[in-house]
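Owing to the predicted nature of the structure, the values given are computational and were not obtained by experimental measurement. In listed order, ligands and their atoms are each counted from 1. Hydrogens, waters and symmetry mates are skipped; everything else that's a heavy atom, side chains included, is used. Numbers here are sequence positions counted from 1.
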Amino acid sequence: MQTTLLDYFPERTVGNGAALLQAGRLVAFPTETVYGLGADARNAAAVAQIYQVKGRPSDNPLIVHIAEERQAEELAEVSPLARHLMAAFWPGPLTLVLPLRPGSLPAVTTGGLNTVGLRMPAHPAALQLLREAALPVAAPSANLSGRPSPTEAEHVLTDMQGKIPLIINGGECLAGLESTVLDLASPVPAILRPGVLTAADLTEFLPGLSEQTRLPDGGIARAPGMKYRHYAPQAKVLLCPPQQLYQTYCQHYQQMVEAGNEQPRIAVLATMQGLTGLAQAEQCFLLGENLLQVAQNLFAALRWTDEIQADLVLAEAFPEQGVGIAIMNRLKKAAGIN
Ligand code: TXA
Ligand code: MG
């Protein structure tokens with residue numbers, strides 16, 4: 001299959017994107033978080049292709065993207081609290097898990113659950129596509145399962161070339177990490193996946209909302225031993241506080257040389273603070289100067305370690321506060337910690 005990469009220009013149409021979705025085909029599109037791989041959420045055969053193309057376990061539910069709040073009412077039971085959150089944060093990087101209106105979506109879209117995750121993305125290309133298609137669009141991140149999520153159209157092309165007909169190129173994603181997933185369908189609201197929109201951002205509406213992430217089944221996401229690695233580059237990933245990066249780099253370099261690797265390629269992903277003293281490390285990726293920049297650059301950095309065929313990845317560890325919670329959630333998964 002020929003994969004077309006189409007540049008998006010504000011106020012223009014998105015080519016044949018809407019027509020492809022309406023015909024049950026897959027379209028990759030930019031959002032403000034990461035690129036999504038979209039299909040008509042109401043079309044079971046179209047949604048099944050998403051799982052097939054990504055190689056994704058089919059019990060993992062998809063987020064359904066909409067352009068109008070009215071569509072949320074058609075798909076889910078929308079509480080007054082949900083309505084307030086939509087007014088405050090949509091379009092934006094917040095996914096709301098709500099009770100599903102029975103029969104409104106096929107089981108393949110919701111992973112067979114009686115709830116649905118809904119989100120209105122803030123990227124103009126995504127909104128344009130959703131409006132033109134006039135459909136709810138199921139869209140996971142547009143990466144192969146297990147790989148870092150794509151934050152540039154080129155990343156999508158790397159993973160999806162020949163597998164889907166169209167990628168809409170809307171440039172680099174602003175947030176860089178997937179949306180915050182907030183469960184409003186359980187008796188106690190909880191964050192299921194942290195994002196750049198933090199618990200603190202939501203407290204005005206949800207006083208007492210915990211910063212701790214809860215697993216959809218009620219467990220606590222910090223528990224060790226998750227089933228599979230996620231966001232993972234080819235090389236092993238180690239996390240390290242900034243003040244110890246230099247020392248850790250030297251230790252591993254020496255160990256690898258002693259083990260017979262004459263020129264170990266250790267990729268270092270860090271802020272300026274973490275890179276101090278590492279001038280001799282050849283493979284450095286500056287993540288940025290603040291947590292929002294780190295979030296924006298993190299997945300590109302992880303993908304870069306594959307491009308340079310790193311033997312080992314050393315990534316700076318961040319304090320688990322605010323946006324640092326979402327960054328560490330992804331980094332720990334990349335490192336296979338949880
Ligand atoms: O930013 C994003 O959310 C991106 C862009 C493309 O919108 N999408 C995305 O989708 O990250 P995906 O499929 O990679 O992640 C969906 C997450 C999964 O962790 C899934 O388990 C959770 O949302 N989820 C979806 N529906 C759910 C539901 N009904 N109950 C609990 N969790 C749900
Ligand atoms: Mg994903």
Closest to atom 22 (C) of ligand 1 among G195, G38, P61 (heavy-atom distance): P61
Under 4.0 Å from one or more heavy atoms of H65, ligand 1 contributes atoms 5 (C), 6 (C), 7 (O)
Using a 4.0 Å cut-off to any heavy atom of R56, which atoms of ligand 1 qualify? 12 (P), 13 (O), 14 (O)
Checking heavy-atom distances from atom 12 (P) of ligand 1 to each of C173, P140, P150, P30, the winner is P140
Closest contact, heavy atoms only, S104 versus R42: O-CG, 4.3 Å
Could you pull out every donor-acceptor pair under 3.5 Å between side chains of residues 286-293 and any protein atom, sequence neighbours left out?
residue : atom : partner : partner atom : Å
N290    : OD1  : L292    : N            : 3.1
N290    : OD1  : Q293    : N            : 2.9
Q293    : OE1  : E289    : N            : 2.6

Say whether E178 and S141, considering side chains only, have a donor N or O and an acceptor N or O under 3.5 Å apart. no
Which of the numbered atoms in ligand 1 are below 4.0 angstrom from a heavy atom of A139? 6 (C), 8 (N), 10 (O)
Below a 4.0 angstrom heavy-atom separation, can you tell me which part of D183, side chain or backbone, both or neither, approaches ligand 1? neither
Side chains of W304 and Q283: closer than 4.5 Å at any heavy-atom pair? yes
Mind checking whether I164 and V27 have side chains closer than 4.5 Å, heavy atoms only? no
So does E258 have more than 12 non-hydrogen atoms from other groups sitting under 6.0 Å from CD? yes
Checking the N or O distance criterion of under 3.5 Å, is ligand 1 in contact with N60? yes
Numbered atoms and elements of ligand 1 in range of G117, under 4.0 angstrom, heavy atoms: 26 (N), 29 (N)
Using a strict cut-off of 4.0 Å, indicate which atoms of ligand 1 neighbour a heavy atom of T115. 28 (C), 29 (N), 30 (N)
Taking distance alone, with no angle check, do E178 and ligand 1 share an N/O pair under 3.5 Å? no
More than 12 heavy atoms of other groups within 6.0 Å of Q254 CD: no
Answer with yes or no whether the side chains of R119 and T31 bring together a donor and an acceptor at under 3.5 Å. yes
Counting only heavy atoms, which portion of H123 has something under 4.0 Å from ligand 1: side chain, backbone, both, or neither? neither
Protein N/O/S atoms closer than 2.8 Å to the Mg ion (ligand 2), ordered by chain and number, come to S141 OG
Is there a donor in the side chain of T33 and an acceptor in the side chain of S179, or the other way round, less than 3.5 Å apart? no
Could you tell me whether E307 and R303 have a side-chain N and a carboxylate O separated by less than 4.0 Å? no
Which of the atoms in ligand 1, numbered in the order shown and given with their element, are less than 4.0 Å from a heavy-atom of G36? 6 (C)
Less than 3.5 Å between some nitrogen or oxygen of T31 and one of ligand 1, yes or no? no
Mark up the atoms of ligand 1 that fall under 4.0 Å of a heavy atom belonging to L113, in ascending order. 28 (C), 29 (N), 30 (N)
Just by distance, no angles: are the side chains of E132 and T13 close enough, under 3.5 Å, to form a donor-acceptor pair? no
Classify the contact between L192 and ligand 1 as side chain, backbone, both or neither, using a heavy-atom distance cut-off of under 4.0 Å. side chain
Classify the angle between the aromatic ring planes of F299 and Y231 as parallel (below 30°), tilted (30 to 60°) or perpendicular (above 60°). parallel
My understanding is that only one of T151, N329, I327 makes a side chain to side chain contact (heavy atoms under 4.5 Å, CB included) with L177; could you say which? I327
Within ligand 1, which atoms have a heavy atom of S141 less than 4.0 Å away? 8 (N), 9 (C), 10 (O), 12 (P), 14 (O)
Looking at side-chain heavy atoms only, is the closest gap between Y249 and C240 below 4.5 Å? no
Going by distance only, is there an N or O of S179 that falls short of 3.5 Å from an N or O of ligand 1? yes
